[in-house]
Every structure is written in structure tokens, then in C-alpha cells.
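Following: one structure in C-alpha cells, then a few remarks.
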There are 2 protein chains.
Amino acid sequence: MPSDPTSLGDFELLLLLTVLRLGDQAYGVPLCRELSAIRRRGVAVGSVYAALDRLQQKGLVSSTLGESTPERGGRAKRFFRLTQAGLRSVHHTRRLLDTLWTALPPLAEEPA
Amino acid sequence: MPSDPTSLGDFELLLLLTVLRLGDQAYGVPLCRELSAIRRRGVAVGSVYAALDRLQQKGLVSSTLGESTPERGGRAKRFFRLTQAGLRSVHHTRRLLDTLWTALPPLAEEPA
DNA sequence: CGTTTCTTCATCTATTGTGAAGAAATGCCG
DNA sequence: CGGCATTTCTTCACAATAGATGAAGAAACG
């Protein structure tokens, strides 16, 4: 019994947060760039679209097709936003984690 | 390029936190019970052991074989603890997420 | 056309999910 | 005392979902 809509994979969570951060510039390519920066490691563009599709199917994001822009390669983009359910899902995860690591023991100091 | 040792799957993160919480009672069966409670959904015992094996191979937990106890079915248990690397990994994830959702927009009120 | 930007697709590995089978201990009862 | 059901815990085989990768396809401009 998979796909409880309130439970997110780690990548999916980061992706939702990144969609929020990018606001009206949340489409595939910059999402991919931003995620690469956050993770400090290359993120293949295919992973991003696959995750977006999953999230859309679960109803956590919605997408709208933009218009083309008068720039070199200004092809139409597919923009993403969080749905109410998506936002709830992020809040839910946050509450859970905030609770669980309140009692997290501190890191021991490394000897110099 | 998988398995960056500092990046955790969502289940793995919960598992590490649960190992911390259970302390000297952190072995397969209670871990499974505790995770089921946290997630509010059944967790198969196989998933737990599989994740533990992964985490051990990545060096994030260590395990020691206990002795048998004088109880019905008091079979020897395999106890788990976080390594330094494991603790660092949790802290790392926490810092990242705490940063990312500082600007998280609040949930809209549902109309009654 | 060639180039640029963006998306879709096919394929592969890794993570997670599930339940049954296997080990190791105790307790009951002949 | 000896065997067998029972309990607790672990290992295993297999299925499904999530994530990773790079090449191919679409649509725009110069």
C-alpha cells in the first residue's frame, strides 16, 4: 500500500520547497538548477520532471502552460505551483520533524 | 551517482531519529512498532531491516549482537546505535530543512 | 538552417513495501 | 526428561515506488 499522499520522499519535499521559493519562476530548468545548488551535487533534469509528474498526480502541485517569450529559445514553459494539499503536506512534514528532533543530542566536538 | 552518504531518504531519516529515541532498546521489532506509530500506518518489518542494513553499510549506524534473555522467546537481539557520522547526517538534514522552510507561507484557513 | 531553451522519453539503480520462512529461546505436558 | 507448540526476533525473496541519467524531441529565435 504505497503512496500515502501526506508522506513525501526526500527529493519530493525539497522540490516542493523549491517550487515555493521560485514562485512565478517555478518551471523545470530553474528548479533543476536550484536543486543542484541546494544539494551541492548535480541533479539530472529527468529526475525533476519525473518527481513533478508524481506530485501532480498526487494533487500536490498543479501546472499551467505558459506562453512563449521573445528570447532566443524562448519556448513555452510549464509552470508549477503548490496546491492547498501540497502546502498542507509540507506543513505536516515540518511539524512531524520539528517534534522528532527537539530532543536531538548535540554533535560532539571534533578534536583538533 | 547515488548514495551520497550525507543525504538521507525520508524513511531513513525517521529511522535514525527513532534509533536515537529508543536508546538501548533500539532493535528491529520495537523500531518497527515505533515507526508505525509515528507514521500512523503499518510498517513492514522487512523495510526496517533493509533500511538498517543500508544505513550500516553507509556507516551511519553500528550494530551489536545482544545476549538472549530469560523470557518467552527471549532470542538474542541485534541492537543499533548511531555513529558519529549518523548523528552528523541528521544534524545536516535538520539544518538544511530549517533553513528552507523559514519562509514557508502559512496554511490558509479552511472555510467552515 | 543552426543554435538556444525547455520538455519528454527510455532505461537503470536505489529505496521502500510486504509477507512468509528461518532461528533461537521458553513453557507446557506426556 | 524429552519433545513440541509457542513466542520473539531476524533473514530472505519478491514487488512496487522513487530517484538518476543522458539522449532525443519540440518550439522558439537569429
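These numbers come from the heavy atoms of this one structure, side chains and all, not from hydrogens, waters or symmetry mates. Residue numbers begin at 1 in each chain, while the letters A, B, ... track the order of the sequences.
With hydrogens and angles left out, the side chain of B/Arg72 and the base of D/dT7 share no donor-acceptor pair within 3.5 Å. Taking 3.5 Å as the limit, the base of D/dA18 and the side chain of A/Arg54 contain no donor-acceptor pair of atoms between them.
The closest donor-acceptor contact from the side chain of A/Glu12 to the backbone of A/Gly9 lies under 3.5 Å. For A/Thr83 (side chain) and A/Gly59 (main-chain N/O), a donor-acceptor pair under 3.5 Å exists by modelled atom type. Between the side chain of B/His91 and the backbone N or O of A/Pro105, at least one donor-acceptor pair lies under 3.5 Å.
Phosphate contact (OP1/OP2 of C/dA23, side-chain N/O of B/Lys77, threshold under 4.0 Å): absent. Taking side-chain N and O atoms only, A/Arg78 has a distance below 4.0 Å to OP1 or OP2 of C/dT8.
Each of C/dG17, C/dT15, D/dA20 was ranked by its minimum atom distance to the side chain of B/Glu12; first place goes to C/dT15. The side chain of B/Phe11 has C/dT16 as its nearest neighbour among D/dA20, C/dT16, D/dA18. When the nucleotides C/dT18, C/dT15, D/dA23 are ranked by their closest atom to the side chain of A/Val45, D/dA23 comes out on top. When distances are taken from the side chain of A/Arg75 to each of D/dT21, D/dA18, D/dA26, the shortest belongs to D/dA26.
For A/Val48 and B/Pro30, each mapped to the nucleotide of DNA chain D holding its nearest heavy atom, the one lying further toward the 5' end belongs to B/Pro30. When each of A/Gly46 and A/Asp10 is assigned the nucleotide of DNA chain C bearing its nearest heavy atom, the one mapping closer to the 5' terminus is A/Gly46. Nearer the 5' end of DNA chain D, as judged by each residue's closest nucleotide, is the contact made by B/Glu71, out of B/Glu71 and A/Ala76.
Residue-level contact check: A/Ser47 touches the bases, meaning some heavy atom is under 4.0 Å from a base atom.
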